[in-house]
Amino acid sequence: MDYKQQVAAALSDAVDGALSTEDIYNKIERPKDSKMGDYAFPAFVLAKVLKKAPQQIATDLIEKIDQSKFEKIQAVGPYVNFFLDKAIFSSDVLSQVIKAGASYGDNDSGEGGNVPIDLSSPNIAKPISMGHLRSTVIGNSISEILKKNGYNPIKDNHLGDWGTQFGKLIVAYKKWGVEEDVKKDPITNLVKYYVRFHKEDVDQPELDDEAREWFKKLEDGDKEATRLWTWFREESLKSFNAIYEKLGVEFDTFNGEAFYNDKMQEGIDWLKKMGLLKESQGAQVVDLEKYNLNPALILKSDGASLYITRDIATAIYRDKTYKPAMNLYVVGSEQTYYFQQLKAVLLEMGLPSAKELHHIPFGLITVNGKKLSTRSGRIILLDEVLDDSINMAKKQISEKNPDLPNKDEVAKQVGVGAIIFGDLKNERTNSIDFNLEDQLRFEGETGPYVQYSHARAESILRKAGDTEINADNTIMTDPEAWDTIKTLADFPATVIEAKEEFEPSDIAKYAIRLAKTFNKYYAHSKILEEDDEKSARLALVKSVSVVLKESLRLLGVQAPDQM
RNA sequence: GUCGCAAUAGCUCAGCUGGAUAGAGCAACGGUCUUCUAAACCGUAGGUCGAGGGUUCGAAUCUCUCUUGCGACACCA
């Protein structure tokens, strides 16, 4: 039931058509403080039409409004404040949550539409850093959020397994590489060669020519180049998968750039057929002047492909394979301009899904204000941060709850949860200057705080045993209970909002808000006390537990029952 | 240089389509564990919302100018 609609209807009747119900609906707001009611209507908007002072209008309105459906309605200054009938509202919300369980907040607005999502996308032969964390966990969360909104997301780890850097890597390996070292610790050693390459090519520019040659060989299917490439790729994937497992992220496809290597011609032919390709300084470009963008370079002057060539192939492939409702790319905000160009090219080509291509940018992770870079060795390894966090969680458990069963498993859930939640709680596009201390904080508005709140709720439910949980008769007198119930009621709208903005932080902030209001309730009420309201209180605790767990799930964070 | 994004408490950030005294967390100071997990709760202190103009009954929010920071600007991804 839409209670805001009920408020709008009541107002609409009282103003005699001075304002449409829809206009009224849009003007209704939520007071910051519960003491000022559950919904409020600012009378300013009527001042002009009625030529009266807003305070007067507010006072007049409460005389005319049918108050029977509300607990009370008050005029406070220029506002009309509505107080909902708590018993009806509470029973309504709690019985909905308990009946629906984890599917509370589900909607089917996505109509089952396919949504390929580009996420994570680490580069072969390079370590997974904190930078990749963002794409991985944001993409993973958006995938869960889309599912909850009725879409069918397809998570594609668009591996950086192609490109000129492989020419460089092959050259470096052939010059300085040791097979045993790579087998022992692939990423570390491959990176070592790569970094050395970039040191030496400053004085020996001919190295870059060699690298270009080797990449061309790779593109042409040369045997040795292919063998080395395959090997580097396999070793790298092994080490990536260990990290993905720790994070609890799974993918549907691993269609990296190499996958599209033999699919680029179709896009090029398409562009040619439509007369979109033009020669410019020896290279092939698409003019994008009508989009107010610089020309997009499609083929290098030596005929080799570029990032965009493969992305065009990707878009065509996805279009054909999935008939996507949306096509998403979770990639850093530094590539915003590039994605504008890509979308413009695809629009020019008339690709059906081009209109629904969305770049989902996120802010940069820096260290002391400087960009991370494998070449310069300025890098924070995700795996190390995760392990630090897990160890921190272990320490906390041995201090606070030494008798906890399966400590290691819980430490992993809490430690990893802290890192994921920490990344997702702020707006995507904010840039982050990395600070390990901040990452390992488990107090205040953090993942562990939300997990802890959930664990407390579960603990109460365990203690309650098989006491009846009854949501039908929920007369609860504590004001904290009322705030919690109202927050529970906000969940479905939050799920929609998060989908529309592609913004996991909406869910994370919601989870904090719910945890906070529940903790307040917990601190002020004796839930297991034997009285008439006990089963209603348990209904509230059960509902909180369900919705907290579901919120965390949407973020890709586990919710242990004890911690 | 051009374009884009940002600027809110000591630090990290919220602030919904403009609305009631600008809010959290951390850090600081003080209080609450014989009773459901103190990873919690309660309180104190802390602000010219980068600067200046404009629109409006009303601006942190919309608009313009400026300052500062970050990013992007064709043969990398």
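Lettering follows sequence order; numbering is per chain, from 1. Keep in mind that what you see is a predicted model, and the values were worked out from it rather than measured.
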Item checked: Passing option when A:Phe41 is tested against A:Leu46, A:Val15, A:Val7 for side-chain contact (heavy atoms from CB on, under 4.5 Å) -> A:Leu46
Note to self: I want to check one thing: is the phosphate of B:C76, taken as OP1 and OP2, less than 4.0 Å away from some side-chain N or O of A:Lys300?
What the structure shows: yes
Check: Just to confirm, is there a sub-4.0 Å distance from OP1 or OP2 of B:A39 to any side-chain nitrogen or oxygen of A:Lys400?
Finding: yes
Check: Among A:Asp311, A:Val330, A:Val331, whose side-chain contact (heavy atoms from CB on, under 4.5 Å) with A:His158 holds?
Finding: A:Asp311
Check: Is there a side-chain polar atom (N or O) of A:Lys425 under 4.0 Å from OP1 or OP2 of B:C13?
Finding: no
Margin query: A side-chain contact here means heavy atoms from C-beta on lying under 4.5 Å apart; do A:Pro402 and A:Ile397 qualify?
Written below: no
Notebook entry, point to check: Which part of the nucleic acid does A:Glu29 contact within heavy-atom distance under 4.0 Å: base, sugar-phosphate only, or nothing?
Noted result: base
Check: Between A:Ile138 and A:Phe362, which heavy-atom pair has the shortest distance, and what is it?
Finding: CD1-CB, 3.7 Å
Next item on the list: Establish, with yes or no, whether the OP1 or OP2 oxygen of B:A38 is under 4.0 angstrom from a side-chain nitrogen or oxygen of A:Arg456.
Entry: yes
Notebook entry, point to check: Between A:Leu528 and A:Gly282, who's closer to the 5' end of RNA chain B by nearest nucleotide?
Noted result: A:Leu528
Check: In whole angstroms, how far is the C1' atom of B:C36 from the CG atom of A:Asn519?
Finding: 13 Å
Note to self: If the glycosidic angle sits within 90 degrees of zero it is syn, else anti. Tell me which applies to B:C33.
What the structure shows: syn
Checklist line | Residues within residues 486-493 of chain A bordering RNA chain B, heavy-atom distance below 4.0 Å | finding: none
Item checked: Donor-acceptor pair present, A:Ser453 side chain and B:A40 base, under 3.5 Å -> no
Item checked: N-O pairing of A:Asp33 and A:Lys35 below 4.0 Å -> yes
Check: Any side-chain N or O of A:Arg310 less than 4.0 Å from the OP1 or OP2 oxygen of B:A77?
Finding: yes
Check: Is there a donor and acceptor pair, one atom on the side chain of A:Ser301 and one on the base of B:C75, closer than 3.5 Å?
Finding: yes
Notebook entry, point to check: So which of residues 501-516 of chain A are in contact with RNA chain B, with a heavy-atom cut-off of under 4.0 Å?
Noted result: A:Lys509, A:Lys516
Note to self: Could you check whether A:Lys168 makes a cation-pi contact with A:Phe197, meaning its NZ or CZ is under 6.0 Å from the centre of the six-membered ring and within 45° of the ring axis?
What the structure shows: no
Notebook entry, point to check: Under 4.0 Å: is that the gap between some side-chain N or O of A:Lys520 and OP1 or OP2 of B:C42?
Noted result: yes
Checklist line | A:Gln165 CD to B:C76 C1', straight-line distance once rounded to whole Å | finding: 8 Å
Note to self: With heavy-atom distances below 4.5 Å as the criterion, would you say the side chains of A:Phe421 and A:Val450 are in contact?
What the structure shows: yes
Check: What distance, rounded to whole Å, do you find between the two C1' atoms, one in B:U44 and one in B:C64?
Finding: 42 Å
Checklist line | Cationic tip of A:Lys4 above A:Tyr25 ring, under 6.0 Å, 45° of axis | finding: yes
Check: Taking the side chain of A:Pro295 as heavy atoms from C-beta outward, which of B:A74, B:C41, B:A20 is closest to it?
Finding: B:A74
Margin query: For the residue pair A:Lys486 / A:Thr517, report whether a side-chain donor-acceptor contact shorter than 3.5 Å exists.
Written below: no
Next item on the list: Mark yes or no for whether A:Thr309, through its side chain, and A:Ile298, through its backbone, hold a donor-acceptor pair below 3.5 Å.
Entry: yes
Next item on the list: Determine: side-chain N/O of A:Asn81 to OP1/OP2 of B:A20, distance under 4.0 Å, yes or no.
Entry: no
Item checked: 5' priority, RNA chain B, between A:Gln281 and A:His524 [closest heavy atom] -> A:His524
